[in-house]
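We're numbering straight along the sequence, starting at 1.
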Amino acid sequence: MAASTGAADAAASDSTGPASSVPNMSSPTIQYSMVLEHLIGEKRPIKDLSPGVMGGLPVPPKSDEQKMIERGMESCAFKSVLACVGGFVLGGAFGVFTAGIDTNVGFDPKDPLRTPTAREVLKDMGQRGMSYAKNFAIVGAMFSCTECIIESHRGKSDWKNAVYSGCVTGGAIGFRAGLKAGVLGCGGFAAFSAAIEYYLR
């Protein structure tokens, strides 16, 4: 009697053990490609990550006007105008400063012994400041515009953009005096731009 119950228990254990380890063929199989498609493919659910959920300060969504203003401020035209205005102001200040420390400002080369008046000194300082302002404005606008165009074309923001832009700007300015001057201007502006980028970065 004990042998029969033991045999029955063994048969029951054999029937339940292997049967439980065999997978049910009616259940769908999980494929690796399906998992990838749900994780990183087209079926991946898109979730809007707000800064408040990620631990940052909540930021309201930007309006169409704000997006348009941001696109305008990031455009090459706006950057060129801004660099032109900044170069004009900086050049004017630099010209007035150099004229202020120049001892020959206001003197007439035909009559060097005559003491210049305050009006003549101020006139010469204004002319030199305006000349420097125009030159700085042209250089600043050319450099900023070419750098923005090169950066947009390359799709990268690194030191090479400034070097290429410096070469184009220096070459265009020096080319008016000849090919040799253009090559020297390209190399000089490129080296100066590389030095500035190395110092700033």
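Taking CG from L184 and CG from L179, the interatomic distance works out to 9.5 Å, rounded to the nearest 0.5 Å.
Taken together through direct or relayed side-chain contacts under 4.5 Å among Ile, Leu, Val, Met, Phe, Trp and Tyr, I138 and F136 form parts of separate hydrophobic clusters. In this structure, Y198 is not a member of the same hydrophobic cluster as V163, with clusters built from ILVMFWY side-chain heavy atoms closer than 4.5 Å. I149 and F78 fall into different hydrophobic clusters, defined by Ile, Leu, Val, Met, Phe, Trp and Tyr side-chain heavy atoms under 4.5 Å apart, directly or through other members.
Nearest heavy-atom pair, V139 versus T169, reported as atom, atom and distance to 0.1 Å: O-CG2, 4.2 Å. What you find for E151 and K156 is that their closest heavy atoms are CG-O, 3.2 Å. Looking at every heavy atom in both residues, E197 comes nearest to A162 through CG-CB, 3.4 Å. In terms of heavy-atom proximity, S144 sits nearest to A83 at CB-CB, 3.5 Å. Of all the heavy atoms in S165 and E147, the pair that sits closest is OG-N, 3.3 Å.
Taking C84 as the reference, nothing meets the disulfide (SG to SG under 2.5 Å) condition, with sequence neighbours excluded.
The only option from F97, F88, F94 that meets the ring-ring contact (aromatic ring centres under 6.0 Å, His included) definition with Y132 turns out to be F94.
Put simply, the side chain of R154 reaches to within 4.5 Å of the side chain of K160, judged on heavy atoms. Looking at heavy atoms from C-beta onward, K180 lies out of side-chain contact with F175 at the 4.5 angstrom threshold.
With hydrogens and angles ignored, the 3.5 Å screen pairs a side-chain donor or acceptor of T98 with a backbone N or O of G95. Under a 3.5 Å cut-off, the side chain of T146 and the backbone N or O of F143 do form a donor-acceptor pair. With S131 contributing its side chain and Q127 its backbone, the two residues share no donor-acceptor pair below 3.5 Å.
Applying the disulfide (SG to SG under 2.5 Å) definition to pairs two or more places apart or across chains, those involving residues 158-201 are C167-C186. Sorted by first and then second residue, the disulfide (SG to SG under 2.5 Å) pairs involving residues 114-150 (not counting sequence neighbours) are C76-C148.
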